[in-house]
Amino acid sequence: MVLLVRRNIIDLPTNYSLSYYWCSGFMISAFMLFQIITGIILSFLYVADSELSFRCVMDLTNDSFFTWCVRYWHIWGVTILFILLFVHMGRSLYYSSYTKKGVWNVGFILYILTMAEAFLGYILPWHQMSYWAATVLTAIAGSVPVIGPTLFKYLVGGFSVTNVTLVRVFSAHVILGFVILGLMMLHLFYLHSSGSNNPLFSSFGYGDVVYFHSYFTTKDFFCLVVISLLLVGSMWVAPDLVVDTEGYLESDPLVTPVSIKPEWYFLIYYAILRSVESKIGGLVLVVSLLFFIWVPTFNNSSAYFLSRQMTFWVLVCLFMGLTYLGACHPEYPYLGVCQVFSVGMVLVMFSYKLFWSNLPMVYKSIKV
């Protein structure tokens with residue numbers, strides 16, 4: 001056990017050109033662990049019942065300072081976690097880390113499961129927005145060809161979102177957290193087997209490496225302390241900044257919110273889904289985007305191509321634009337702009353992965 005720790009943490013050869021962007025992986029792991037710990041505490045106090053869940057969550061917020069801290073750390077932890085995930089994936093796309101197929105494939109699965117875990121947790125308070133978000137998403141799942149109706153019944157446990165759905169969501173939320181933890185260990189295994197990428201996109205020989213400890217452990221823990229302090233400061237100054245106002249209204253199946261929208265880290269997909277009148281069309285666009293993000297290709301680092309850098313920052317702008325548009329009311333001119341941005345996001349991601357292919361001769365020239 002001691003040898004395993006030394007080999008993977010202390011004596012791990014690491015390229016010394018790694019910047020602070022490479023600290024995001026450690027911080028994601030740390031905050032995921034924080035989420036699991038706070039989630040376990042909250043699961044002991046939560047009641048999965050459509051008539052009691054909302055009151056239970058409000059009691060956690062109002063009755064005890066300890067449970068207030070645990071709940072809001074859990075809420076803000078998800079926001080910090082997704083910011084780190086987007087930075088981590090953006091860095092991987094920029095430096096073409098997806099050429100390491102084992103690491104990238106497991107990492108992409110982790111991203112999908114983390115989104116599923118976050119959405120399941122968003123439903124649990126059973127307030128107005130979570131109830132209607134669950135209703136909208138299950139309706140989209142029900143529109144899938146052939147298997148849609150069967151999938152819908154398995155998800156909701158009946159003909160509509162009810163107490164049965166809430167119990168299933170709670171069970172899946174708890175179990176999925178430990179599945180994610182196991183996949184994180186597999187992701188780390190593949191990473192240490194193939195070696196980490198670096199800004200120079202050069203992984204040949206051991207002439208430019210240092211031991212992981214203490215240079216990189218110091219950087220990682222420094223970043224963790226800074227981000228944790230920012231999280232605690234946000235909790236104290238504006239605890240409800242990331243909580244929708246509908247989160248303080250108990251769910252009512254007879255009253256639809258004026259504008260149904262998910263949390264900010266889902267807004268890009270929500271914007272794409274509602275930009276197309278057909279549910280199937282929106283679903284195809286979302287699946288296409290996720291496919292092009294995932295598909296491993298052999299590209300060189302963006303550091304060597306000005307045109308590739310510009311394409312990457314166009315992707316970032318489209319991502320931020322769709323995130324903003326997803327929070328806007330679905331009306332003119334937002335829907336029209338959303339349609340253009342949605343199609344543009346898919347096409348630009350396709351071109352980013354397809355062009356600037358890195359031929360084997362390029363690797364040979366770098367190696368020489």
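- Looking at every heavy atom in both residues, Leu81 comes nearest to Ile28 through CD1-O, 3.7 Å.
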Let me check something: any side-chain donor-acceptor pairs from residues 285-297 under 3.5 Å, sequence neighbours excluded? List them with distances.
residue, atom, partner, partner atom, Å
Ser288, OG, Val284, O, 2.7
Trp294, NE1, Asn105, OD1, 2.8
Thr297, OG1, Asn299, OD1, 2.6
Thr297, OG1, Lys353, O, 3.1

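- Leu231 and Ile41 are members of different hydrophobic clusters when ILVMFWY side chains are connected at heavy-atom separations under 4.5 Å.
- Here the side chain of Ser29 pairs a donor or acceptor atom with the backbone of Gly25 at under 3.5 angstrom.
- Side-chain rings of Tyr269 and Phe266 stay apart, their centers remaining 6.0 Å or farther from each other.
- Under the 4.5 Å side-chain criterion, counting only non-hydrogen atoms from C-beta, Thr165 is not in contact with Leu155.
- Atom CZ of Phe222 has 12 or fewer heavy atoms from other residues, nucleotides or ligands within 6.0 Å.
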Does the side chain to side chain contact (heavy atoms under 4.5 Å, CB included) test come out yes or no for Val47 and Arg55, once each step is laid out? CA-CA 9 Å; Val47 179; Arg55 193 183 315 161; over 6 Å; no
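- In the hydrophobic clustering, Leu249 connects to no other residue, as no ILVMFWY side-chain heavy atoms lie under 4.5 Å from its own.
- Residues that satisfy the side chain to side chain contact (heavy atoms under 4.5 Å, CB included) test with Arg168, not counting sequence neighbours, are Val164.
- Trp73 and Phe34 have perpendicular rings, their planes meeting at more than 60° on a 0 to 90° scale where under 30° would count as parallel.
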Could you walk me through whether Val243 and Tyr248 satisfy the side chain to side chain contact (heavy atoms under 4.5 Å, CB included) test, starting with their C-alpha distance in whole Å, then the side-chain angles of each, then the deciding distance to 0.1 Å, before giving a yes or no? CA-CA 9 Å; Val243 179; Tyr248 289 99; 4.1 Å; yes
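- Checked against Phe350 for a side chain to side chain contact (heavy atoms under 4.5 Å, CB included), the options Leu354, Leu347, Val348 give a single hit: Leu354.
- Between the side chain of Thr67 and the backbone N or O of Leu60 there is at least one donor-acceptor pair closer than 3.5 Å.
- The side-chain tip of Lys219 points at the ring of Tyr20 from less than 6.0 angstrom away and within 45° of straight on.
- Side-chain contact between Trp264 and Ile83 is present, with heavy atoms from C-beta onward closer than 4.5 Å.
- For Ser24, the side-chain hydrogen bond (donor to acceptor under 3.5 Å, both in side chains) partners two or more places apart in sequence, or in a different chain, are His88.
- Qualifying side-chain hydrogen bond (donor to acceptor under 3.5 Å, both in side chains) partners for Asp220, counting only residues two or more places apart in sequence or in other chains: none.
- Remark: Ser228 OG to Ile80 CD1 distance equals 9.0 Å, nearest 0.5 Å.
- The hydrophobic cluster containing Met235 also contains Leu241, counting ILVMFWY residues as joined when their side-chain heavy atoms lie under 4.5 angstrom apart, directly or transitively.
- Remark: Val255 engages Gln128, Asp252 in a side chain to side chain contact (heavy atoms under 4.5 Å, CB included) (not counting sequence neighbours).
- The two residues Ser53 and Ser50 make their nearest non-hydrogen contact at OG-N, 4.4 Å.
- Of all non-hydrogen atoms in Leu224 and Ala30, the two that sit nearest each other are CD1-CB, 3.8 Å.
- Residue pairs meeting the ring-ring contact (aromatic ring centres under 6.0 Å, His included) criterion with at least one member in residues 142-174, sequence neighbours excluded: Tyr46-Phe170.
- Contact annotation: the side chain of Val78 never approaches that of Glu263 to less than 4.5 Å [non-hydrogen atoms, C-beta and beyond].
- Nearest heavy atoms, Gln35 versus Gly77: OE1-CA, 3.3 Å.
- By the rule that hydrophobic residues join a cluster once side-chain heavy atoms approach within less than 4.5 Å of another member, Leu45 and Leu120 end up as members of separate clusters.
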Verdict with supporting geometry, His74 and Val70, side chain to side chain contact (heavy atoms under 4.5 Å, CB included): CA-CA 6 Å; His74 201 70; Val70 172; 5.6 Å; no
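- Leu93 approaches Tyr352 most closely through the heavy-atom pair O-OH, 2.7 Å.
- By the 4.5 Å heavy-atom criterion applied to side chains, Met115 and Phe82 are counted as neighbours.
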Side chain to side chain contact (heavy atoms under 4.5 Å, CB included) between Asp49 and Leu166, intermediate numbers included: CA-CA 7 Å; Asp49 186 277; Leu166 184 60; 5.5 Å; no
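- Minimum heavy-atom separation, Ala271 to Ser342: O-OG, 4.2 Å.
- The shortest distance between side-chain heavy atoms of Pro262 and Leu267 falls below 4.5 Å.
- With contacts defined as side-chain heavy-atom distances shorter than 4.5 Å, the pair Ile75/Arg71 qualifies.
- Looking only at distances, a side-chain donor or acceptor of Ser171 sits under 3.5 Å from a matching main-chain atom of Val167.
- Applying the ring pair (Phe, Tyr, Trp, His ring centres under 6.0 Å) test to Phe221 and every residue at least two apart in sequence or in another chain returns Phe26.
- Hydrophobic cluster membership is shared by Tyr270 and Leu85, with clusters built from Ile, Leu, Val, Met, Phe, Trp and Tyr side chains linked at under 4.5 angstrom.
- At distances below 3.5 Å, at least one donor-acceptor pair connects side-chain atoms of Thr61 with backbone N or O atoms of Val57.
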Just list the side-chain donor-acceptor pairs under 3.5 Å for residues 176-187, sequence neighbours left out, or say none.
residue, atom, partner, partner atom, Å
His187, ND1, Val103, O, 3.1

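- For Trp76, there are no ring pair (Phe, Tyr, Trp, His ring centres under 6.0 Å) partners at least two apart in sequence or on another chain.
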Working note: Arg308 + Ser96, criterion side chain to side chain donor-acceptor pair (under 3.5 Å); need CA distance, chi angles, decisive distance, verdict. CA-CA 11 Å; Arg308 186 165 165 80; Ser96 300; 3.0 Å; yes
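- Phe66 and Leu42 end up in the same hydrophobic cluster when Ile, Leu, Val, Met, Phe, Trp and Tyr side chains are linked at under 4.5 Å.
- Sorted by first and then second residue, the ring-ring contact (aromatic ring centres under 6.0 Å, His included) pairs involving residues 125-144 (not counting sequence neighbours) are Tyr122-His127, Trp126-Tyr131.
- You'll find the side chain of Lys153 stays beyond 4.5 Å of the side chain of Thr150, heavy atoms only.
- Residues Ser92 and Tyr98 are not in side-chain contact: their nearest non-hydrogen atoms beyond the backbone lie 4.5 Å or more apart.
- Remark: side-chain polar atoms of Tyr265 are not paired, donor with acceptor, to backbone N or O of Phe86 under 3.5 angstrom.
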Give the table of side-chain donor-acceptor pairs shorter than 3.5 Å for residues 313-338, with sequence neighbours excluded, one pair per line with atom names and distance.
residue, atom, partner, partner atom, Å
Thr323, OG1, Phe319, O, 2.8

